[in-house]
Amino acid sequence: MNLLERYEEVIGHREMVRLRHLADRLAGRRVVHINSTRTGGGVAEILRWMVPLMNELGIVTRWEVISGSPDFYRVTKAFHNAVQGLPVTLKKADFELHYEVNRENALRMDLDADVVFIHDPQPIYLPAFLGANRVGRFVWRCHIDASRPQRDVWKHLEAAMAPYQAAVFSMAAFARPLACPKFIIPPSIDPLSDKNCPISEAERLETLGRLGIDPERRMLLQVSRFDRFKDPLGVIAAYRLLKPYYRDLQLVLAGGPADDDPEGAEVLREVHEQAGDDPDIKVLMLPPDAHRTINALQRSATVVLQKSLREGFGLTVTEALWKGRPVIGGACGGITLQVHDYHTGFLVHSPAGAAYRIAYLLRYGEKRLRMGRTGHEFVREHFLLSRHLRDYFTMLLCLEHPGNGALIV
Ligand code: UDP
């Protein structure tokens with residue numbers, strides 16, 4: 001069975017026909033995706049499945065990664081924070097470094113394609129250096145919440161936007177006024193990947209055993225990079241409020257490093273400090289390819305948390321819902337698209353709020369299971385890769401045939 005036939009089993013025949021129909025109209029186009037890391041974080045997670053699937057559908061697709069010094073990633077991490085509204089202090093030299101590293105990458109990289117997707121702020125200046133060599137259309141794919149950015153950082157990024165033909169945001173609330181057309185396309189997950197495919201009970205139990213997690217006891221789980229916006233300390237605080245009443249409760253915080261995230265070590269240290277010597281809190285530092293481990297953890301959780309304070313989309317939420325787990329999510333960003341109170345989980349604003357909703361789900365097992373089933377179907381309908389690609393293909397056709405502005409906001 002080839003890849004497309006396997007997808008058809010999950011998404012259904014009709015959905016596959018619609019996808020192929022759009023893809024046929026783009027057959028032979030050359031597309032390149034560019035981001036800043038091959039491992040860690042949601043963008044790499046999406047590109048890993050998207051690139052092979054686009055190729056199977058007849059669109060000649062490549063994935064390239066920019067490279068830079070640790071100092072470059074310090075600056076781009078500060079951009080990331082500033083775009084999402086966290087105040088940062090940057091010097092003129094920092095902006096120049098971003099510009100310079102983009103210039104070096106533009107000279108080194110093969111950007112010859114019909115469409116170049118530039119993901120997030122890190123490689124945003126690449127088209128500025130191509131001059132007359134720029135042949136394809138450039139699309140800026142912004143995965144983060146850019147609605148209230150720090151002014152100096154946004155001015156720097158906006159100055160890079162002139163060569164772009166379109167910008168894509170995950171939800172309308174994230175978009176900024178820009179000269180080019182904007183499209184709203186939420187991300188998605190791959191149901192066949194190691195992260196999301198069904199796994200055997202034996203593998204699940206073996207994974208828990210290997211990590212020292214008791215399969216008989218109820219477990220709270222948050223999977224995310226060790227990043228302040230993901231609020232791991234808030235998760236520990238919520239667990240601490242519940243623990244006196246639910247003695248069997250265990251908490252697992254699973255994360256890993258991302259090449260483009262230099263702040264992780266510091267946040268991890270704070271997490272260890274807060275966790276102290278509580279044997280029922282497991283802080284797991286996972287390698288970048290621990291997809292099946294995360295899959296097993298998500299399937300083993302009683303309740304999944306994603307208590308973010310700011311969030312792009314929150315693929316971890318999608319992954320947990322797909323596995324039939326209700327999610328307690330911070331009321332921000334794309335989490336609000338996915339978590340709906342009493343249907344797929346609960347949105348919360350504080351550790352106390354999270355503890356209150358977790359207690360509800362621990363108490364009412366039947367409701368927990370029902371919300372899990374609703375979450376699974378909700379993801380099938382809205383957040384699987386077929387819908388995501390369908391939106392991208394429609395956008396590319398709109399760009400090829402300007403005047404058809406159906407999807408443009
Ligand atoms: N992830 C992972 N290992 C980790 C932490 C996260 O593979 O240690 C994955 C997670 O399963 C999800 C993605 O990285 O697929 C994170 O995407 P999300 O949108 O939740 O957050 P981002 O990191 O992009 O802010």
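Both ligands and their constituent atoms are indexed starting at 1 by order of listing.
Under the 3.5 Å distance criterion, the side-chain polar atoms of R240 are matched with a main-chain donor or acceptor of A275.
Listed by atom number, the atoms of ligand 1 under 4.0 Å from I294 heavy atoms are 2 (C), 3 (N), 4 (C), 7 (O). Which parts of ligand 1 touch G256 is read off a 4.0 Å heavy-atom cut-off, strictly below it: atoms 4 (C), 8 (O). Which parts of ligand 1 touch E319 is read off a 4.0 Å heavy-atom cut-off, strictly below it: atoms 10 (C), 11 (O), 12 (C), 15 (O). The ligand atoms of ligand 1 that sit less than 4.0 angstrom from a heavy atom of T316 are 10 (C), 12 (C), 20 (O).
With respect to K243, the side chain to side chain contact (heavy atoms under 4.5 Å, CB included) criterion is satisfied by exactly one of D248, I281, D280, L251: D280.
At least one side-chain heavy atom of V153 sits less than 4.5 Å from a side-chain heavy atom of F95. Counting heavy atoms from C-beta outward, L389 and M54 have side chains that approach closer than 4.5 Å.
The proximity of H143 to ligand 1, defined as any non-hydrogen pair under 4.0 Å, does not occur for either the backbone or the side chain. At a 4.0 Å heavy-atom cut-off, ligand 1 does not touch D227 at all.
In this pair, H33 and Y392 present their aromatic rings tilted. The plane angle is within the 30 to 60° band.
Remark: among candidates K195, M285, K230, the nearest residue to atom 9 (C) of ligand 1 is K195, based on non-hydrogen atoms.
Residue-ligand proximity: G314 is placed with a non-hydrogen atom under 4.0 Å from ligand 1.
Sorted by first and then second residue, the pairs that involve residues 51-62 and meet side-chain hydrogen bond (donor to acceptor under 3.5 Å, both in side chains), not counting sequence neighbours, are R62-E64.
Distances between N or O atoms of L315 and those of ligand 1 include at least one value under 3.5 Å. Of the N or O atoms in G42, one or more lie within a sub-3.5 Å distance of an N or O in ligand 1.
Every residue was checked against the salt bridge (charged side-chain N to carboxylate O under 4.0 Å, His left out) condition with R357, not counting sequence neighbours, and none meets it.
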